[in-house]
2 protein chains.
Amino acid sequence: MTTLREVADRSGVSTATVSYVLNNTRYVSPVLRSKVLAAVQETGYRPNSLARSLRCKRTHTLGLIVSDVVNPFFTEVARGAEDKASQLGFSIVLCNSDEDVGKEQHYVELLLDKQIDGLIIAPSPGEHSFLEPLRSSGFPTVLVNRSLPGFSLTTIMVDNERATYDATEHLISHGHSDIAALLSLPGSRLTAERQLGYESALRDHGLEVRFDLMVNGLSTVEGGAEASKALMSRSNPPTAIISMSTLMTLGALRAFKEMGVKCPEQVALVGFGEAIWSSVTDPPLTAIAQPAKAIGAGAVDLVEGLISSPPSGRPELRVMPCELIIRRSCGCQ
Amino acid sequence: MTTLREVADRSGVSTATVSYVLNNTRYVSPVLRSKVLAAVQETGYRPNSLARSLRCKRTHTLGLIVSDVVNPFFTEVARGAEDKASQLGFSIVLCNSDEDVGKEQHYVELLLDKQIDGLIIAPSPGEHSFLEPLRSSGFPTVLVNRSLPGFSLTTIMVDNERATYDATEHLISHGHSDIAALLSLPGSRLTAERQLGYESALRDHGLEVRFDLMVNGLSTVEGGAEASKALMSRSNPPTAIISMSTLMTLGALRAFKEMGVKCPEQVALVGFGEAIWSSVTDPPLTAIAQPAKAIGAGAVDLVEGLISSPPSGRPELRVMPCELIIRRSCGCQ
DNA sequence: ATGAAAGCGCTAACAT
DNA sequence: ATGTTAGCGCTTTCAT
């Protein structure tokens, strides 16, 4: 591997001059400049980013921690983030936490050790005191999708409460009153917010908030299937379900199929999460679409902002709009 | 940020001793050892990976270049890779090439500049001479999903030809003879292999290989929809379609829906690619399942092997098995 | 207009 | 059993 030293020797100048030429960081006479450039050409010299980063204390690398890239929402977040990052000259190190705060902390440490310039994290439910040093030191950190109760950090998320409020209202407006909610495991602020929207909508429309209609489950296809089965095998099953998690929605569909339950005839279904396949499921899904790519890109934008300019004032909270995409599963068309 | 130097001063030893303690790389008396450890505790010292990497010429970082993480296959590859990598002590820098060889080359250079220890790449169709230096220098490189005609590099992929052969045969065994193929844009070895399997199956079963039944399209939902529409609006449409790309399969489903074409009654459909939603589409998809996570993990395994031991002999070609998962869309159940 | 040299934070060969 | 010191490859201050 060619080093800057070798380029310098070969072109008969100092390492300083080579560096200055390469970075255009001070005047160098045309003669020397072309000598240097020639040597670079001949040797195929490429600067070692590591050395440069060590010296400049800038790695142009961001850490991105999500629970699981396979989760369609995070897949898009990752893509949106990578695009924007690449555009701004950053690389992204991807980490999957599996909703495990321990893994999350492990990755945060690893990434910081690697001297990343900024961190984007979709925090799992749980204790996040290990982020406190980041906050107090002003390390460029952006929270995605979930705000953290304890301390304030720059955050980009959707208005979960509003989204489920609207979706629930949609169901109500089509005559439903026994509306069940598929919630992920308790303890997550995300779920709490979504649940809140659901409850408010019921209340605002004079409907009873019934806790027996709220079921918790793992935020997976299996979890959703299980919860849906429990719901639909009751003596008086709900006439509509709102699912707070994409994977659980898929699980509901699977459960319906296995139980021979007709959707939307027997149960209407509205679910969080829009994906490429949402329109080709049976039935096509009425979905709460989150601007996932834009969220990923926005997160990178925010973190870049924190990196390049002193975080003046309170940490920003950027709320992105959701959209209810109406298809067959809610039964209104 | 605390440095090793500070830890050394604080515990009254040399930097060497601190390093030796931290890395357990030579004997240090219990007394000094505990002094060092105490200082580490007090200061919350964490080694700077950058400095360590510069010195040791090992970054414990791998580059992963795929066309698009949003592609369900690559999503899983990425996850499988990240899991295995983390298990082996590596991080992964994720890059999306969008099937653009230019971007691909750009990322390769960027990653090499960052001194990654190994590269995993799913090459796009096109000229890959820029990988030649990697090959000739023996840089740990693993190709995923597509072998490269020109030169030989360690590769992990599925037996595409075999997979489409089997799937086509399945269709034939259920009485189909007008079997169309949804191919992605020409020029890709992947597509070529899949096409080959399809043709062989036809031939082996005494069926005519008809080029008018092979349609090319963008490997996207839209591309698949368009191609399918063209196919199904003919005067004598095929009775079965085999799709060589997951996204195109989804597109076919969408096209059927829009055209009011009944699947599998009017056309049977078999497609490459299994995903979480394959069983809940309308109709559920008969799919050629690739072990995507295992492929990702395998790629990391292979690259790790190349890193830790001298690549003896010919580069390995690891072929992973596909599985035909039979559901309703092929019409046989 | 250019060069010498210090130093980023660490490891490891070479002392002792 | 421990310390000194020379780098890893680069940037940038300080001289000239």
Side-chain angles (χ1 to χ4, degrees), chain A residues 1-40 43-61 89 91 109-117 137, chain B residues 1-40 43-61 89 109-117:
Chain A
M1 215 203 45
T2 324
T3 68
L4 185 146
R5 169 85 264 157
E6 288 164 39
V7 173
D9 290 350
R10 193 180 250 266
S11 40
V13 302
S14 71
T15 59
T17 298
V18 176
S19 173
Y20 287 126
V21 168
L22 260 33
N23 301 306
N24 253 303
T25 177
R26 93 172 173 195
Y27 179 85
V28 175
S29 70
V31 193
L32 292 195
R33 152 170 248 96
S34 62
K35 276 190 188 170
V36 168
L37 260 20
V40 167
T43 57
Y45 168 76
R46 306 234 82 210
N48 181 326
S49 310
L50 230 49
R52 189 176 269 181
S53 292
L54 179 59
R55 181 58 231 239
C56 303
K57 299 177 172 317
R58 281 290 243 102
T59 53
H60 291 279
T61 302
S91 302
E109 284 165 1
L110 192 106
L111 291 168
L112 291 178
D113 290 353
K114 282 191 184 271
Q115 313 295 119
I116 52 166
D117 293 339
S137 69
Chain B
M1 213 203 46
T2 324
T3 68
L4 184 146
R5 169 85 263 159
E6 287 164 39
V7 173
D9 291 349
R10 192 178 252 266
S11 41
V13 302
S14 71
T15 60
T17 298
V18 176
S19 173
Y20 287 126
V21 168
L22 260 33
N23 302 306
N24 251 303
T25 178
R26 93 172 172 194
Y27 180 84
V28 175
S29 71
V31 192
L32 292 195
R33 153 171 247 97
S34 61
K35 275 190 189 171
V36 169
L37 261 20
V40 167
T43 56
Y45 169 75
R46 306 234 84 212
N48 181 326
S49 310
L50 230 48
R52 189 175 268 180
S53 292
L54 179 60
R55 183 57 231 237
C56 302
K57 298 176 172 317
R58 281 289 243 100
T59 53
H60 292 279
T61 301
E109 283 164 2
L110 192 105
L111 291 168
L112 291 178
D113 290 352
K114 281 191 184 272
Q115 312 296 117
I116 51 166
D117 292 339

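Convention: sequence-line order gives letters A, B, ...; per-chain numbering from 1.
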| To the nearest 0.5 Å, what is the distance between SG (A/Cys56) and CG (B/Leu50)? | 10.5 Å

| To the nearest 0.5 Å, what is the distance between OG1 (A/Thr59) and CG (A/Asp117)? | 3.5 Å

| If you look at every strand shown and take non-hydrogen atoms under 4.0 Å, does B/Ser29 touch a base, only sugar-phosphate, or nothing? | sugar-phosphate

| query | Between the two ends of the helix from C/dA1-D/dT16 to C/dT16-D/dA1, what is the bend in degrees, rounded to 10 degrees, where each end axis spans five pairs? | reply | 50°

| message | Can you confirm whether more than 12 heavy atoms, excluding those of A/Lys114, are under 6.0 Å from its NZ atom? | response | yes

| Any donor-acceptor pair under 3.5 Å linking the side chain of B/Lys57 with the backbone of B/Gln115? | no

| field | Under 3.5 Å: donor-acceptor pair, side chain of A/Ser49, backbone of B/Asp113 | value | yes

| request: Name all pairs fulfilling the salt bridge (charged side-chain N to carboxylate O under 4.0 Å, His left out) condition that reach into residues 12-32 of chain B, sequence neighbours left out, sorted by first residue then second. | output: none

| request: Flag the pair B/Asn48 / B/Thr3 as yes when at least one side-chain heavy-atom distance between them is below 4.5 Å, and no otherwise. | output: no

| message | Ignoring hydrogens, what is the shortest heavy-atom contact between B/Leu22 and B/Tyr45? Give both atom names and the distance. | response | CD2-CE2, 3.4 Å

| task | For residues 11-22 of chain A, pull every pair meeting side chain to side chain donor-acceptor pair (under 3.5 Å), keeping only residues two or more places apart or in separate chains. | result | A/Ser14-A/Thr17, A/Ser19-A/Asn23

| request: Could you list where the contact with chain A starts and ends along DNA chain C, reading 5' to 3', using a 4.0 Å heavy-atom cut-off? | output: C/dA1 to C/dG9

| query | When every nucleotide of nucleotides 3-9 of chain D is labelled 5' to 3' by its protein contacts under 4.0 Å (heavy atoms), B for base, S for sugar-phosphate only, - for none, what sequence of letters results? | reply | BBBBBBB

| query | What residues, two or more places apart in sequence or in another chain, satisfy salt bridge (Lys or Arg N to Asp or Glu O under 4.0 Å) together with B/Arg10? | reply | B/Glu42

